[in-house]
Number of protein chains: 2
Amino acid sequence: MLACKTPKLEAPELGRCFACLIRERGICGALSEQQLLKFKHIARHRTYRPGERILSSENAADFLGAINSGVVKVTKILADGRQQIVGLLFPPNCVGHTYGKTNAYFVEAATPVELCCFERGGFDRLSAEYPGLSRHLLDQTLKELESAQDWMVLLGRKTAEEKVASLLLMLATRAAPSHDCNGYKAPRVAEFELHLKRDEIADFLGLTYETVCRQIAALKKRDIVRFSGTRRFSVPDLEPLATLAG
Amino acid sequence: MLACKTPKLEAPELGRCFACLIRERGICGALSEQQLLKFKHIARHRTYRPGERILSSENAADFLGAINSGVVKVTKILADGRQQIVGLLFPPNCVGHTYGKTNAYFVEAATPVELCCFERGGFDRLSAEYPGLSRHLLDQTLKELESAQDWMVLLGRKTAEEKVASLLLMLATRAAPSHDCNGYKAPRVAEFELHLKRDEIADFLGLTYETVCRQIAALKKRDIVRFSGTRRFSVPDLEPLATLAG
DNA sequence: CGTTGGATTGATATGTTTCAAGTGGAGTGG
DNA sequence: CCACTCCACTTGAAACATATCAATCCAACG
């Protein structure tokens, strides 16, 4: 992975930033080297194990964290325990925008996760100086909003089969570009990681885990997806999957 | 309405902005009078009738519009015609962030709508000078994202009864503060406007319009809401409604 | 007074959930 | 190396909520 980082002349003080996997694509991409240096001073690296809580409504965020690696899931919960995953975040996106209090929520690591965290006060102070940064954050948030809206269509209007197909399609198509680096294209029929357990998938799709099981089983039987084990799958041909996704 | 605008000393050139209903709360709230003047030069007032298309995926937005009055709905559509309302926008929010092309969408007036529109290029050029503006837009977008996520919980996990109750509750609670002005409190048992037709409500809640009808009828029978006509309602007591909303 | 578009109500069909039982693999300890 | 346990996953049958299909109803309007 590190091997494909573009070597560039950078201030040696940048240290870890120099090797950062999301240096170009993340929020830091909006910064010059001098600016980056200032941010580095308030940055702190954190790691989380799968399932570990990153923040929640009881435990408000005092930091903004850029995801270096791993997958983060955001879950909202109703009073009686029903829950809905309202977002999956991948590198180079950010966690830590504070949410309101309409519903309780929590943010946790779905896989091993590395964050680059900025203490909120310091970040806001610095970002006021660099307009490009909040512009960048705005773009990122708009993209999140758009995915949220697409997911609303899925939740409100798609059938169970379409929901499952959509999820697999989403993972298959979005996993691809994240695995290539500087133009390297992953082979067509790659294996993709299903980062979630069956009940998490259910919470993402607004179904029960039994229904998820049955739908996955049906897709396997029709050879539209192939599973090795329970969490890795490949897609022989994207087209029929895309058709089913609606 | 105009009567409750706080009179303030402002540059006379501001003209329409002087009387703008969302001057304080909208994006212009982030601007000084001098800055506002520059924006006024590229601003254009537009009005739309109920049902009129404001923009869509075929007809990409070349402007950003702050909603002065009225309600705007954003709808996404699947290839086979199923549709889902993914957002209702009220003053002083903005329309015109371009969306991607995952799903076709359109944005239209749900009621008579007034927009204050900024041609995109000019707006971006000016906003680069005023960092407060994209910060403001970011905050607004984060709020939209949060409502979208709350709606995902509703779509994915709530029952038909809870969905309808949630919508009525949302309109009742969010309509209240928008009707008072400078601290004036609306009377406790006010009438609220249901800006949408039954089938639009259905598209908003991920139901069929028959189901919406039945659920509304059930709420009426239990005297949890009272309808006058088909589009106006009052809530004798918010508590039972809130309980049903889940 | 007929027409029209939205809203309502009823009967039936169906997809998904619920409840319940069973499988299979990974890890553990004898 | 083999039971044993645990946890995630799978599968089946029955129950249920919502969708679908089909009549009306009703108010607005020309």
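Residue numbers begin at 1 in each chain, while the letters A, B, ... track the order of the sequences.
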Inset, instruction - Check the distance between C:dG6's P and B:D203's CG and give it to me in whole angstrom. - result: 13 Å
Inset, instruction - Check whether the side chains of A:E144 and A:T141 place a donor and an acceptor atom closer than 3.5 Å, and report yes or no. - result: no
Legend entry - B:E58/B:R53 salt bridge by N-O under 4.0 Å criterion: no
Inset, instruction - Please state how far atom CG in B:L205 lies from atom P in D:dT18, giving the value in whole angstrom units. - result: 12 Å
Legend entry - A:S228 and A:E191: side chain donor to acceptor below 3.5 Å: yes
Inset, instruction - Find the distance B:Q215:CD to D:dT18:P and express it as a whole number of Å. - result: 7 Å
Inset, instruction - Indicate whether the side chain of A:Q83 and that of A:D203 have a donor and an acceptor atom separated by less than 3.5 Å. - result: yes
Legend entry - Whole-Å gap separating C1' (C:dA7) and CZ (B:R232): 18 Å
Inset, instruction - Round to the nearest Å and state the distance from A:R157 atom CZ to C:dG15 atom P. - result: 16 Å
Legend entry - Interatomic distance where CG belongs to B:L219 and P belongs to C:dT9 [whole Å]: 13 Å
Legend entry - Interatomic distance, B:F227 CZ vs D:dA27 P [rounded to whole Å]: 16 Å
Inset, instruction - Kindly determine whether A:K220 and A:D223 satisfy salt bridge (charged side-chain N to carboxylate O under 4.0 Å, His left out), including the steps that lead there. - result: CA-CA 5 Å; A:K220 283 195 289 196; A:D223 195 41; over 6 Å; no
Inset, instruction - Treat primed atoms plus P, OP1 and OP2 as sugar-phosphate and everything else as base, then score nucleotides 7-17 of chain D 5' to 3': B for base contact with protein heavy atoms under 4.0 Å, S for sugar-phosphate contact only, - for none. - result: -SSBBBB----
Legend entry - Atom pair distance, as rounded to whole Å: CG in B:L194 and P in C:dG6: 15 Å
Inset, instruction - Establish, from distance only, whether the side-chain atoms of B:S69 and B:E114 form a donor-acceptor pair under 3.5 Å. - result: yes
